A.B. asks: 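First the structure, which I've put down as structure tokens, then a few questions once you've had a look.
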Amino acid sequence: MLTSSQPALVSKLPHVGTTIFTVMSKLALDTGALNLSQGFPNFEPDPVLTDLVARAMRQEHNQYAPMPGVPVLREAIARKTAEVYGISYHPDHEITVTSGATEALFAAITTVVRPGDEVLVFEPAYDSYVPAIELAGGIPVYVTLTPPDYAPDWLAVQEKITDKTRLIIVNTPHNPTGRVWTRDDLNQLAALVRDRNIFLVSDEVYEHIVFDRNGESNRAHHSLMSHPTLQERTFVISSFGKTYHVTGWKIGYCLAPNELTAEFRKVHQFVTFSVVTPMQYALAEYMNRPEPYLELADFYEQKRNLFLQAIAGSRFRFTPTEGTFFQNVSYAAITDEPDYDLAVRLTHDIGVASIPTSVFYHDRNDYHILRFCFAKDDDTLKRAGERLSAL
Ligand code: PMP
Ligand code: GLN
């Protein structure tokens, strides 16, 4: 209760409420609905990995880790990055282990953005970017991605770049749309930033979840580190949560050239100082085998296909998602209700929770599209498909 002597707190984030992920997951729990809303697996990680955590604890890895992350984990990340992308980051001064990608995003944005700086954000956008920009005093400038293909309009990007643009935030594979940037997208971006004082934050938490790689599309994850003009100015961010089915561990990392990492770590050390120790040792050892991340795309492609088969006879319309574990579907043929209302109604009425995509646009563009997470066991996906098909 506010007493007369209490100072009045003026919100620094007046437009921010509880995230849609929390809202929909709670509603799913309260109603007993199948939860295809918040992005997390409803199955367990490899027991080998959890056993490694127990072993690390027994081996007395229970005190503060070094501020940038335990050396063996940074070395494992460096090895993996070199193997997968052919790029070397030095574990001592170019790799930092963070409390999830969320902390890495916050620290990178805080490192770069000063009051009055403009930051380009492609939207729909993952919901943590803009509050971090605003807390740093930056001004978000939006570039809209529109269905069905959500391809960046490079002319629009060019028009939004000004002398005040300090940072562009990229997310590929993209949450919520599943779009995967092409090599041409990277070239277009490079041409725009080449001679400018602009940094990049590249959210690549779904780096290992790209589909239809052998088909005509020739699709692949193109990390921003793979383009030299981009690499030198980019904070590349990933997360073990998505790759090893451990979203609750909240461990991620940031790769950035030496000078960028030095400043990044100044923020990191006072946001969180260091990250949970035994999990870092476990992850370092688990990373010795590449199969878990190399096989992840096939694992999720099978789940995507199962979910799409399960809703093939429904009135929802969709293009198979290119990456991530999210499938967007249009419900325009079923109803013209606002997407938020429909997501809530479907949770109550048919017991399937989803995410309304309008929440990822600052002015709540409603294209009548829902996002479904298919990081769920096959039975859940089939049951959800049956319920959605009955609509
Ligand atoms: N970026 C994107 C695009 C995400 O989807 C998520 C996660 N859910 C995050 C960042 C945050 O990752 P973490 O849970 O490792 O903080
Ligand atoms: N990234 C997850 C999603 O998009 C949710 C993470 C969270 O709940 N903050 O659903």
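It should be emphasised that the depicted structure is a prediction, and the values quoted were computed from it without experimental measurement. In listed order, ligands and their atoms are each counted from 1.
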A.B. asks: For F374 and F211, take the angle between the two ring planes, folded into 0 to 90°, and tell me which bin it lands in: parallel under 30, tilted 30 to 60, perpendicular over 60.
C.D. replies: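 Answer is tilted, since the angle falls between 30° and 60°.
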
A.B. asks: Extract all N/O-N/O pairs under 3.5 Å that connect ligand 1 to the protein, and present each with both atom names and the distance rounded to 0.1 Å.
C.D. replies:
unit_1   : atom_1 : unit_2 : atom_2 : d
ligand 1 : 1 (N)  : D203   : OD1    : 3.4
ligand 1 : 1 (N)  : D203   : OD2    : 2.6
ligand 1 : 5 (O)  : N175   : ND2    : 2.8
ligand 1 : 5 (O)  : Y206   : OH     : 2.6
ligand 1 : 8 (N)  : K242   : NZ     : 2.4
ligand 1 : 14 (O) : K250   : NZ     : 3.1
ligand 1 : 15 (O) : A101   : N      : 2.8
ligand 1 : 15 (O) : S239   : OG     : 2.6
ligand 1 : 16 (O) : A101   : N      : 3.1
ligand 1 : 16 (O) : T102   : N      : 2.9
ligand 1 : 16 (O) : T102   : OG1    : 2.5
ligand 1 : 16 (O) : K250   : NZ     : 2.7

A.B. asks: With ring centroids as reference points, do H245 and F299 lie under 6.0 angstrom apart?
C.D. replies: yes

A.B. asks: Where do R79 and N288 come nearest, in terms of heavy atoms and distance?
C.D. replies: NH2-OD1, 3.5 Å

A.B. asks: Contact residues of ligand 2 with a heavy-atom cut-off of under 4.0 Å?
C.D. replies: F21, Q38, G39, Y126, N175, K242, F326, R371

A.B. asks: Quick check against the 3.5 Å criterion: does R74 have a side-chain atom that pairs as donor or acceptor with the backbone of P91?
C.D. replies: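 Yes; judged by distance alone, with no hydrogens or angles, the pair exists.
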
A.B. asks: The criterion is salt bridge (charged side-chain N to carboxylate O under 4.0 Å, His left out); which residues satisfy it with K26, sequence neighbours excluded?
C.D. replies: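 K26 satisfies salt bridge (charged side-chain N to carboxylate O under 4.0 Å, His left out) with D30 only.
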
A.B. asks: Show every side chain to side chain donor-acceptor pair (under 3.5 Å) that has at least one partner inside residues 190-204, sequence neighbours left out.
C.D. replies: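 For residues 190-204: Y129-D203, S202-E204, E204-H221, E204-S223.
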
A.B. asks: Using ring centroids (six-membered ring only for Trp), state whether Y361 and Y142 fall under 6.0 Å.
C.D. replies: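 No; Y361 has its ring centre 6.0 Å or more from that of Y142.
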
A.B. asks: In Å, rounded to the nearest 0.5 Å, how long is the span from CG of L283 to OH of Y244?
C.D. replies: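 Separation between the atoms: 7.0 Å.
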
A.B. asks: Just checking, K250 and F240: is the charged tip under 6.0 Å from the six-membered ring centre and within 45° of the axis?
C.D. replies: no

